[in-house]
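The block underneath contains the structure these notes are about, expressed in structure tokens.
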Amino acid sequence: MSYAKSTLFNLTTSRILYILLLIATPFLLLQNYLQSALGQFSDFTYKIGNIDMPITLTIALAIVLITLYFTWKKINYSRTISWLIVILLFWIGQKTTDFYFNHKFYELQYNWHYFAYSIFAFINYRWLKGKNRPDYRIILLTFISALEISTFDELIQMPLSNRIFDLGDVSKDLWGTMIGLFFIYFVLENGKIIKTKWNLRQKTIKDYLKSPVSLFFILFIFSYIFMFISSILTETDYILQSIIFSLIVFLIIVFAIHISQFKKWRYLLITIIFIFMVSLSFSVIKNFNKNITHSQGNILVYKGIPIIYFDVLIYPNGLFRLVDKKTTFNLRDQQTILAKSEDIIIVASGENGKGAQGFLSQEKVHFVFDKNNMKGIQI
């Protein structure tokens with residue numbers, strides 16, 4: 001066997017073994033109680049003066065310092081910026097998903113999907129490079145492979161571990177894949193992908209699929225939209241809606257980007273966006289102190305901002321965010337809500353009164369005691 005064939009065989013073997021590991025890991029964690037052990041390990045801290053230092057954060061810092069030590073001569077301005085963007089992408093993923101889990105940013109369970117599929121992106125990249133595939137095919141095939149593996153992983157978990165199909169986990173796996181691809185092309189390859197002549201917008205759809213930068217960009221857009229929507233439509237009843245909404249929003253954005261290269265369409269888009277922003281700003285200014293001014297069906301207007309279909313959580317300081325659309329709150333959900341509350345929690349039960357289930361009492365007004373903050377809260 002020649003050296004090239006031997007190398008490709010080793011890369012293929014590594015890829016297959018890692019894919020099997022990705023599929024097997026959830027079962028190993030669940031069946032052997034390793035998931036709870038990981039959670040306990042993530043919570044473990046040690047004292048540095050008066051500061052409780054998490055052990056997982058310490059390990060992460062040690063890895064960063066070791067990496068810097070061995071790669072110091074290759075560090076430059078563009079790689080430094082790219083490293084910061086990689087950290088930002090992790091942060092965006094964490095802030096977008098799993099709101100009710102209330103994880104800390106350094107918890108292993110919180111970051112597993114991103115790390116695991118970032119590594120997969122690197123392994124798949126090396127395998128496809130070994131087969132002399134061009135960059136645009138590497139990006140597309142890595143994304144499709146990650147989608148197939150993650151979907152298959154979720155499907156086989158349903159009968160074997162008594163779990164539901166979690167579209168949110170699939171979206172996190174895709175986001176981790178895109179983080180891995182970004183790391184490859186902008187840190188390892190030092191942004192070589194954008195140093196040659198390129199255009200973000202292409203004349204035809206076919207051209208987008210053959211331009212590494214354009215393809216990379218639109219896949220990033222889809223991954224974030226999919227992750228955002230699937231994180232607020234996690235119930236199995238909403239799987240189809242989550243996929244449809246993601247595709248509709250993605251197609252609208254990509255279509256707008258595509259036609260913006262044409263002068264007349266660009267002016268029309270600018271006009272539409274300007275009118276929308278002025279109208280929204282006027283509405284917010286006029287209703288800023290009125291809080292909720294309309295609530296009927298699937299439409300809520302808060303401080304002049306229309307919120308359609310999705311559920312919303314309003315913080316004591318007046319800020320808000322879209323949250324998981326659900327009718328029942330389990331113990332973990334309640335703890336997260338209590339942790340972010342002050343004295344009173346108002347939960348909408350919907351037009352048919354079927355929502356807001358799961359709290360200690362189903363009375364319209366009742367009190368609970370928050371053990372973490374040692375205070376009573378009116379529901």
Side-chain angles (χ1 to χ4, degrees), residues 3-16 18-19 22 67 71 74-90 92-93 113-150 171-227 250-251 253-254 257-258 261:
Y3 175 77
K5 287 185 178 180
S6 176
T7 302
L8 183 59
F9 175 79
N10 291 334
L11 291 173
T12 303
T13 304
S14 299
R15 179 179 182 270
I16 293 171
Y18 190 76
I19 290 172
L22 282 177
T67 304
T71 61
K74 294 184 178 180
I75 293 176
N76 53 32
Y77 177 77
S78 60
R79 278 198 169 107
T80 302
I81 296 298
S82 297
W83 262 112
L84 293 175
I85 293 174
V86 168
I87 296 170
L88 176 64
L89 293 175
F90 270 96
I92 289 172
H113 291 275
Y114 308 127
F115 280 119
Y117 276 81
S118 291
I119 295 170
F120 167 75
F122 176 70
I123 292 172
N124 209 60
Y125 161 82
R126 291 190 64 211
W127 177 65
L128 291 170
K129 271 291 185 183
K131 300 175 77 171
N132 295 316
R133 297 291 189 269
D135 287 324
Y136 73 88
R137 288 189 66 84
I138 291 175
I139 293 169
L140 183 59
L141 291 174
T142 300
F143 184 86
I144 292 173
S145 296
L147 178 59
E148 290 173 341
I149 295 165
S150 181
S171 71
K172 284 183 281 186
D173 294 337
L174 291 181
W175 188 247
T177 301
M178 297 309 299
I179 293 175
L181 288 171
F182 183 89
F183 178 81
I184 290 164
Y185 285 107
F186 290 90
V187 177
L188 296 183
E189 293 195 354
N190 198 24
K192 184 176 68 176
I193 195 174
I194 60 172
K195 289 180 180 177
T196 55
K197 186 178 179 181
W198 59 273
N199 289 316
L200 193 61
R201 296 170 299 194
Q202 305 295 325
K203 290 190 175 181
T204 67
I205 298 298
K206 190 176 180 180
D207 292 333
Y208 281 97
L209 297 177
K210 291 189 176 181
S211 168
V213 177
S214 298
L215 180 61
F216 187 80
F217 181 69
I218 63 175
L219 288 178
F220 241 121
I221 292 175
F222 174 77
S223 297
Y224 181 74
I225 292 170
F226 184 38
M227 181 173 65
F250 168 71
L251 291 173
I253 292 175
V254 171
I257 292 171
H258 176 67
Q261 64 186 299

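Sequential numbering from 1 along the given sequence is applied to the chain's residues. All values reported here derive from a predicted model rather than from experimental measurement.
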Taking His258 for its side chain and Gln202 for its backbone only, find out whether a donor-acceptor pair lies under 3.5 Å. yes
Can you tell me if Asn199 and Ser214 form a side-chain donor-acceptor pair at under 3.5 Å? no
Is there a donor-acceptor contact under 3.5 Å from the side chain of Tyr117 to the main chain of Ala146? no
Near-ring test Tyr208/Phe217, centroid separation under 6.0 angstrom: no
Hey, is the main chain of Asp207 close enough, under 3.5 Å, to the side chain of Ser211 for a donor-acceptor pair? no
For Phe182, which residues count as a ring pair (Phe, Tyr, Trp, His ring centres under 6.0 Å) partner, sequence neighbours excluded? Phe186
How many angstroms lie between atom CG of Asp173 and atom OG of Ser118, to the nearest 0.5 angstrom? 10.0 Å
For the pair Trp175 and Ile179, evaluate side-chain contact (heavy atoms from CB on, under 4.5 Å) and give the outcome as yes or no after the intermediate values. CA-CA 6 Å; Trp175 188 247; Ile179 293 175; 3.7 Å; yes
Distance-minimising heavy-atom pair for Leu188 and Arg79: O-NH2, 3.0 Å
In a table with atom names and distances, give each donor-acceptor pair under 3.5 Å that connects a side chain of residues 127-140 to protein atoms at least two apart or in another chain.
from, atom 1, to, atom 2, distance (Å)
Trp127, NE1, Thr12, OG1, 2.9
Arg133, NH1, Lys131, O, 3.0
Asp135, OD1, Tyr185, OH, 3.2

Is the distance between the ring centroids of Phe220 and Phe216 under 6.0 Å? yes
Atom CD1 in Ile81, atom CG in Asn76: separation rounded to 0.5 Å? 10.0 Å
To the closest 0.5 Å, what do you measure between CZ (Arg201) and CD1 (Ile257)? 9.0 Å
